[in-house]
Amino acid sequence: MSGRFHLQLARTCDAERIALMSRDYVERGLGWIWTPRRVIDRIRCPKTVVLTASEASWIVGFAIMEFGEEEAHLELLGIEPDYRRHGIGRSLVSWLEGSALTAGISIVRLELRANNTGALHFYQRLGYRPIRRVRGYYQGREPAIEMARDLWYAISTGAM
């Protein structure tokens with residue numbers, strides 16, 4: 001791993017890799033919801049951005065964000081285990097937050113598994129705050145923690 005990666009919008013040919021990463025690293029232990037077909041649908045959706053991080057043409061991370069009228073929803077973020085803690089997740093989220101601000105959106109929301117303390121700490125370091133715990137969020141079996149960040153507030157306080 002050279003530590004050099006680049007971000008780009010996903011193409012439909014990236015859908016299988018993204019879906020497999022989701023199955024193996026994000027949805028592990030649950031039923032596979034983010035199938036290649038669903039990822040392709042998100043790539044083609046005009047309200048959604050699917051962003052990849054690649055090293056030497058190999059996708060090592062991805063993020064999917066849906067943009068609404070007033071809020072954005074970070075639907076999915078996955079990083080290849082050997083590439084975690086190298087700034088890739090931070091870069092993906094930062095790029096998407098910048099896009100949200102450009103679109104006039106200041107609130108970004110997300111959910112994560114309640115038992116995923118690594119992800120919780122990651123998002124807290126980025127300025128996200130827990131809002132509530134949602135019982136049975138993941139396929140009726142696992143609770144989630146909903147988090148949010150107000151990007152305009154972060155800018156006004158110098159936390160951006």
Please determine if [X] and [Y] form a salt bridge, counting it only when a charged side-chain N lies under 4.0 Å from a carboxylate O.
X      : Y     : answer
Glu55  : Arg4  : no
Arg42  : Glu66 : yes
Asp41  : Arg38 : no
Arg113 : Glu27 : no

Hey, are the side chains of [X] and [Y] touching, using non-hydrogen atoms and a 4.5 Å cut-off?
X      : Y      : result
Leu7   : Ser91  : yes
Ile107 : Arg149 : no
Thr52  : Trp58  : no
Leu76  : Trp34  : yes
Phe62  : Leu92  : no

Exercise for the section: Decide yes or no on salt bridge (Lys or Arg N to Asp or Glu O under 4.0 Å) for Arg17 and Asp14, but give the supporting numbers first. Expected result: CA-CA 6 Å; Arg17 172 77 177 133; Asp14 299 327; over 6 Å; no
Can you tell me how far [atom2] of [Y] sits from [atom1] of [X], rounded to the nearest 0.5 angstrom?
X      : Y      : atom1 : atom2 : answer
Asp150 : Glu71  : CG    : CD    : 10.0 Å
Thr117 : Asn115 : OG1   : CG    : 8.0 Å
Tyr83  : Ile88  : OH    : CD1   : 7.5 Å
Thr102 : Glu97  : OG1   : CD    : 11.5 Å
Leu110 : Met147 : CG    : CE    : 6.5 Å
Trp152 : Ile105 : CH2   : CD1   : 9.0 Å

When you group the ILVMFWY residues by side-chain heavy-atom contacts below 4.5 Å and let the links chain together, are [Y] and [X] in the same group?
X      : Y      : result
Leu9   : Leu96  : yes
Phe5   : Phe122 : yes
Val93  : Phe67  : yes
Leu101 : Tyr128 : yes
Met21  : Leu51  : no

Closest contact, heavy atoms only, [X] versus [Y]:
X     : Y     : value
Ala63 : Leu74 : CB-CD1, 4.2 Å
Met65 : Ala72 : SD-CB, 3.7 Å
Thr35 : Ala19 : C-CB, 3.5 Å
Tyr25 : Ile79 : CD1-O, 4.2 Å
Val26 : Gly78 : CG2-CA, 4.1 Å
Ala15 : Ile43 : CB-CD1, 4.3 Å

Exercise for the section: Give a yes or no answer on whether the side chain of Thr48 reaches the backbone of Arg44 with a donor-acceptor pair at less than 3.5 Å. Expected result: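 Not a single qualifying donor-acceptor pair exists.
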Practice task
Walk me through it: do Glu111 and Arg133 pass the test salt bridge (Lys or Arg N to Asp or Glu O under 4.0 Å)?
Solution key: CA-CA 9 Å; Glu111 299 82 28; Arg133 186 179 177 97; over 6 Å; no
Counting only heavy atoms from other residues, nucleotides and ligands, does the tally under 6.0 Å from [atom1] of [X] exceed 12?
X      : atom1 : answer
Glu16  : CD    : no
Arg125 : CZ    : yes
Arg135 : CZ    : no

